[in-house]
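Structure, as C-alpha cells:
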Protein chains: 2
Amino acid sequence: MKKAQPPTADRPLVPAVELLACPLLVTMGVLGKKWTLLILRDIALLKINRFNQIRRSLPGLTSRVLVMRLHELEACGLIEAVVVKESPRVVGWVLTEKGKDTIPILMSIIAFGIKWYADEIFEDHRPRTMSELYPGSGCP
Amino acid sequence: MKKAQPPTADRPLVPAVELLACPLLVTMGVLGKKWTLLILRDIALLKINRFNQIRRSLPGLTSRVLVMRLHELEACGLIEAVVVKESPRVVGWVLTEKGKDTIPILMSIIAFGIKWYADEIFEDHRPRTMSELYPGSGCP
DNA sequence: CCGCATCCAAAATGATACTG
DNA sequence: CAGTATCATTTTGGATGCGG
C-alpha cells in the first residue's frame, strides 16, 4: 500500500489516471492571456460588469484588448452577456457556472498576494490571511 | 451583526482592510506573463528543474523566453539556482518558501482544468476531482 | 455617454543559429 | 548543457473616430 505524499516532496506529483494533455497547459490557454484574470476579477468579485466600468477599473487596459478578452471569455463559456438596454445597446457581463469555478483560482492568487506583497497592498505592510481580510465570507 | 455572504452573491467582495493596491493585480505582475506558471509547474510539481528539460517539456517555449522567465522568477524570489556542476555550468532550479506558496495556485488551475476540459485531458472524457486524480496526496 | 472598429507604434514572443 | 544573438512574427498599447 502506497503512503500518502506531502505535496512538496522531492518527487513528481503523479496522477492516478493517464493524461492526454496537461490540465494546467489547457487551462492557461484560456485564462493565460494578459488581462484575462483581472477582467474576471471585476466580474466575479467586484461586480463591475459593464464595458467602460471594467476599462476604467484597469488602467492600461484599452478598449481594443477588452473587447477581445470579453469575446474570448464568452466563446469559452466563462461569461455571458445580459442585455440591459437596446439602442444604444448596453450589456452586462455575468459569470456562467463554468465561470464561477474560476473563483477559487482568483482567491488563491489573492491569498498569495496578501501574504507576499503586503508591503504594496496594506498601509501597515503586514501580511494577512484570507480569513483576516474577508472574515465571514466562507474562507477557510 | 453582519451575515456571512456566500462567495457568489450579487455584491462585491469587500475587504475588511483598505487596500492600497489590488492583490490580484500585484500578483499577476509577477506570475501573469506567458509561460511563467507552466515553468513553475515543472519545478514545483513535475520536479523538472534543469534548463533543457524544462524547455523540452513545454513545446513552443524557446531558450530566449525561458532564460527571461527563470531570471524573473529568481529576481522575485520564487526560485533559486542550485549549482550542480561548474564548467560547464549546470544548475538546478528549486522553489523558495515563497515559491512553494504558488502551489495552491497551480492546484486550483489544475482543478478547474480537469473539471471543464476533461474532453482534452482524459481518454474517457470524464471530468474528475483533485482527490480522484491525486488520491492520497493531501487534497481536500 | 456606450460599445466597438480602424490605424499605427511599441512591446512581447517565436524561430533559428550560434557560443563557451 | 545552459545560455546569446539576431531577425521575423504576434500581441498589445495609444489615439481617434463612428453609429446608436
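In what follows, chains are A, B, ... by sequence order, proteins preceding strands, each numbered from 1. Just so we're clear, the structure is a prediction, and the values are computed from it rather than from any experiment.
Counting only distance, with no hydrogens or angles, the side chain of A/K47 and the backbone of A/A44 share a donor-acceptor pair below 3.5 Å. Side-chain atoms of B/R128 never come within 3.5 Å of backbone atoms of B/A118 as a donor-acceptor pair (strictly under, hydrogens ignored). The backbone N or O of B/T129 lies less than 3.5 Å from a partner atom in the side chain of B/E132, making a donor-acceptor pair.
Side-chain nitrogen and oxygen atoms of A/K85 include none within less than 4.0 Å of the OP1 or OP2 phosphate oxygen of D/dG20. Considering only side-chain N and O atoms, A/R64 lies nowhere under 4.0 angstrom from the phosphate OP1 or OP2 of D/dG14. Phosphate proximity of C/dC1 to A/N52: absent, as no side-chain N or O sits under 4.0 Å from OP1 or OP2. Applying the 4.0 Å criterion to OP1 and OP2 of D/dG13, one finds that A/W35 has a side-chain N or O inside that range.
Residues B/M68 and A/L70 each lie close to DNA chain C; by heavy-atom proximity, the contact nearer the 5' end of the strand is made by A/L70. Judged by closest nucleotide on DNA chain C, A/Q53 is the one of A/Q53 and A/K34 placed further toward the 5' end.
D/dA15 atom P lies 14 Å from atom CG of A/L61, rounded to whole Å. Atom pair A/R50:CZ and C/dC1:C1' shows a separation of 10 Å (rounding to whole Å applied). Counting to the nearest Å, the P atom of C/dT13 and the CG atom of B/L58 are 14 Å from each other. Separating the CZ atom of A/F51 from the P atom of D/dC18 is a distance of 18 Å, rounded to the nearest angstrom. Nucleotide C/dG3 holds its C1' atom 14 Å from the CD1 atom of A/I39, rounded to whole Å. Rounded to a whole Å, the CZ atom of B/R55 is 10 Å from the C1' atom of D/dG3. Atom NZ in B/K33 sits about 15 Å away from atom C1' in D/dT10, given to the nearest Å. Between the P atom of C/dC4 and the CD atom of A/E72 lies a distance of 14 Å, rounded to the nearest Å.
For B/D119, there are no salt bridge (Lys or Arg N to Asp or Glu O under 4.0 Å) partners two or more places apart in sequence or in a different chain. With sequence neighbours left out, A/R89 forms a salt bridge (Lys or Arg N to Asp or Glu O under 4.0 Å) with A/E86.
Closest to the B/V90 side chain, of the nucleotides D/dT11, C/dT13, D/dA2, is D/dA2. When distances are taken from the side chain of A/R69 to each of C/dA15, D/dT12, D/dG3, the shortest belongs to D/dT12.
Here the straight-line distance linking atom CD of A/E72 with atom CG of A/L78 works out to 11.0 Å at 0.5 Å rounding.
A rotation axis mapping the C1' atoms of four pairs onto the next four is fitted at both ends of the helix from C/dC1-D/dG20 to C/dG20-D/dC1 over five pairs, and the angle between these axes is 30° to 10 degrees.
In this model, no side-chain donor or acceptor of B/R89 finds a partner on the base of D/dG3 within 3.5 Å.
At least one side-chain heavy atom of B/I39 sits under 4.5 Å from a side-chain heavy atom of B/L61.
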